Amino acid sequence: VEAVSNPSVPMVIQDGFTIWAKSGALFAFEAWQKGGFLEDSRKVASQSSYFRRLDQAIGNYKSYDLVESKGIGPSSQILYFAVNFERGALYARFLVYRTEKAWVVQDMDFSTKPEAVMPWVAFQGVSYAE
């Protein structure tokens, strides 16, 4: 899996996906929690446990697609992703915050249902396929 740099995606998120491709979900979650609000969070531990079980059903991580990015202000941003695996996709929402040094992940959510992390999908008949 070749990582493609996307300047609209903060490096902390790109790095996590690169690590996921090489080493698995647990290491990606560790990378995403460093330096931010999620450091030492139980939420991250439960999500990485969820992904260990999910790996058997959905297959190996392949790539990610940025669906949308929304600025909340100069220091906060929400990014929505489709995360592609061998047998399906997961959907992700990351809330990132810009510290004095770099962007850090403040919160993240994942679901097999896109409307769970992208509520507008349930209300719009929009296709994001190209």
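Keep in mind it's a predicted model, so treat the numbers as computed, not measured.
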(request) Using atom types as modelled and distance alone, determine if a side-chain donor or acceptor of Q77 lies under 3.5 Å from a backbone N or O of S69. (result)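 Pair absent, no side-chain N/O of Q77 close to backbone of S69.
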Flag the pair [X] / [Y] as yes when at least one side-chain heavy-atom distance between them is below 4.5 Å, and no otherwise.
X: L95; Y: I72; result: yes
X: F110; Y: V117; result: no
X: W20; Y: Y64; result: no

Where do [X] and [Y] come nearest, in terms of heavy atoms and distance?
X: I19; Y: A31; value: CD1-CB, 3.6 Å
X: S111; Y: A116; value: OG-CB, 3.4 Å
X: T112; Y: P114; value: O-CD, 3.8 Å

List, one per line, each side-chain donor-acceptor pair under 3.5 Å for residues 78-88, sequence neighbours excluded.
{"unit_1": "N84", "atom_1": "ND2", "unit_2": "S63", "atom_2": "OG", "d": "3.1"}
{"unit_1": "N84", "atom_1": "ND2", "unit_2": "D65", "atom_2": "OD2", "d": "2.9"}
{"unit_1": "E86", "atom_1": "OE1", "unit_2": "N60", "atom_2": "N", "d": "2.9"}
{"unit_1": "R87", "atom_1": "NE", "unit_2": "A57", "atom_2": "O", "d": "3.0"}
{"unit_1": "R87", "atom_1": "NH2", "unit_2": "Q56", "atom_2": "O", "d": "3.0"}
{"unit_1": "R87", "atom_1": "NH2", "unit_2": "A57", "atom_2": "O", "d": "3.3"}

(request) Hey, could you give me the CE/OG1 distance between M11 and T18, rounded to the nearest 0.5 Å? (result)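 Answer rounded to 0.5 Å: 7.0 Å.
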Kindly work out whether a path of hydrophobic side-chain contacts (I/L/V/M/F/W/Y, heavy atoms less than 4.5 Å apart) joins [X] to [Y].
X: V104; Y: W32; result: no
X: F17; Y: I58; result: yes
X: F94; Y: L66; result: yes
X: V105; Y: Y97; result: no

(message) Holding to salt bridge (charged side-chain N to carboxylate O under 4.0 Å, His left out), I want the full list of residues that pass it with K70, two or more places apart in sequence or in another chain.
(response)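 In terms of salt bridge (charged side-chain N to carboxylate O under 4.0 Å, His left out), with neighbours along the sequence ignored, K70 is linked to E68.
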(message) Does anything in residues 90-99 form a salt bridge (Lys or Arg N to Asp or Glu O under 4.0 Å)? List the pairs, not counting sequence neighbours.
(response) R93-D109
(request) Determine, stepwise, if the pair F29 / M108 fulfils side chain to side chain contact (heavy atoms under 4.5 Å, CB included). (result) CA-CA 10 Å; F29 282 101; M108 58 184 156; 3.5 Å; yes
